[in-house]
2 protein chains.
Amino acid sequence: MAGRNLVGPEADALDLGTVFRALADENRRSVMTELAADRSDGERGCNSFDLPISKQTQTHHFRVLREAGLIDEIDYGNRKGIRLRRADVEKRFPGLLALLGAGPSAGTSPH
Amino acid sequence: MAGRNLVGPEADALDLGTVFRALADENRRSVMTELAADRSDGERGCNSFDLPISKQTQTHHFRVLREAGLIDEIDYGNRKGIRLRRADVEKRFPGLLALLGAGPSAGTSPH
DNA sequence: CTTCAGGTACGATGCAAGTCGTACCTGAAG
DNA sequence: CTTCAGGTACGACTTGCATCGTACCTGAAG
């Protein structure tokens, strides 16, 4: 299990309240939605998400996601990698990631 | 469709961020967990939930749940009824209500 | 070495939200 | 009518949190 030098909670320890609070924020949810949509689950750069906020705030948001147990952060010193903890999240809260795709009203009459 | 004199958003208008924010609170989530667990979906009294908070705060929380589109509130003047909008929630966010049952670490080694 | 971009640490700020106190409304029961 | 319990309205208080400014660290490239 390489790539978890910045660790969050174990899979069984994920708290639903913490997770919901993490996903309540627009910016964090957009990150998670992108990650959940990419089925390859590859490691992504921190700034590969187009977030309209400062660096410091991005650091804060990624920390919240990590402490909620939703992502791993891999520290390379002057660069950071992000990876979705899909297996752990799915095991603990099956179906949660699928909900992220239902963000904007999409299930209704695609014309 | 009787019993919606205090109305929330339409089923298609439910917002994921609003819903997550509503479910992030411990007290509101306990209410929703109870409602989701009762498959009869009967109308319940407001004080049938054992919430360790004042009346005013309960009023506030039920309002938040209603405005998120998760419940209906039926006003009887000096009494109020609560009913889960199960069909609407399931249609918009399928599987969300099932997640509420996974609150405390329950899916792990039931011995 | 210096330079530079990516990230973090710390503090400050502004706003949203959970909580309660006081006062008031509503309908049912005496 | 009065009384009483369930609920609401308004306001105040406090905490949490998203955001940013400044300063600093880290590793790679000149």
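All heavy atoms count here, side chains included; hydrogens, waters and symmetry mates do not.
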Looking only at side-chain N and O atoms, does [X] come under 4.0 Å of OP1 or OP2 in [N]?
| X | N | answer |
| --- | --- | --- |
| A:Arg63 | C:dA9 | yes |
| B:Arg28 | C:dG18 | yes |
| A:Thr59 | C:dT8 | yes |

Pairing residues for [X] by the side-chain contact (heavy atoms from CB on, under 4.5 Å) criterion, not counting sequence neighbours:
| X | result |
| --- | --- |
| A:Thr33 | A:Arg29, A:Leu100 |
| A:Ser54 | A:Gln56, A:Thr57 |
| B:Glu43 | B:Ile74, B:Tyr76, B:Arg83 |
| A:Asn47 | none |

For DNA chain C, find the residues of residues 15-22 of chain B with a heavy-atom distance under 4.0 Å and give them by number; none if there aren't any.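 Close to the strand are B:Arg21.
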Are A:Glu34 and A:Arg44 within salt-bridge range, i.e. N to O under 4.0 Å? yes
To the nearest angstrom, how far is [X] atom [atom1] from [N] atom [atom2]?
| X | N | atom1 | atom2 | result |
| --- | --- | --- | --- | --- |
| B:Phe62 | D:dT8 | CZ | C1' | 14 Å |
| B:Arg66 | D:dG7 | CZ | P | 14 Å |
| B:Leu51 | C:dG18 | CG | C1' | 13 Å |
| B:Ile82 | D:dG7 | CD1 | C1' | 11 Å |
| B:Leu65 | C:dG18 | CG | P | 10 Å |
| B:Arg79 | D:dT8 | CZ | C1' | 16 Å |
| B:Glu67 | C:dA16 | CD | C1' | 14 Å |
| A:Gln58 | D:dC17 | CD | P | 20 Å |

Partner set under ring-ring contact (aromatic ring centres under 6.0 Å, His included) for B:Phe20, not counting sequence neighbours: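 Only A:Phe20 meet the ring-ring contact (aromatic ring centres under 6.0 Å, His included) criterion with B:Phe20.
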Test of understanding: with side chain to side chain donor-acceptor pair (under 3.5 Å), list the residues that count as partners of [X], not counting sequence neighbours.
| X | answer |
| --- | --- |
| B:Glu90 | none |
| B:Asp38 | B:Ser40 |
| A:Thr18 | A:Asp15 |
| B:His61 | B:Arg28 |

When the axes are fitted on five pairs at both termini, how much does the helix from C:dC1-D:dG30 to C:dG30-D:dC1 curve, in 10° steps? 10°
Nucleotide-resolved protein contact map, nucleotides 19-30 of chain D, B/S/- at heavy-atom distance under 4.0 Å: BBBB---BB---
Could you check if a side-chain atom of B:Leu35 sits within less than 4.5 angstrom of a side-chain atom of B:Leu70, using non-hydrogen atoms only? no
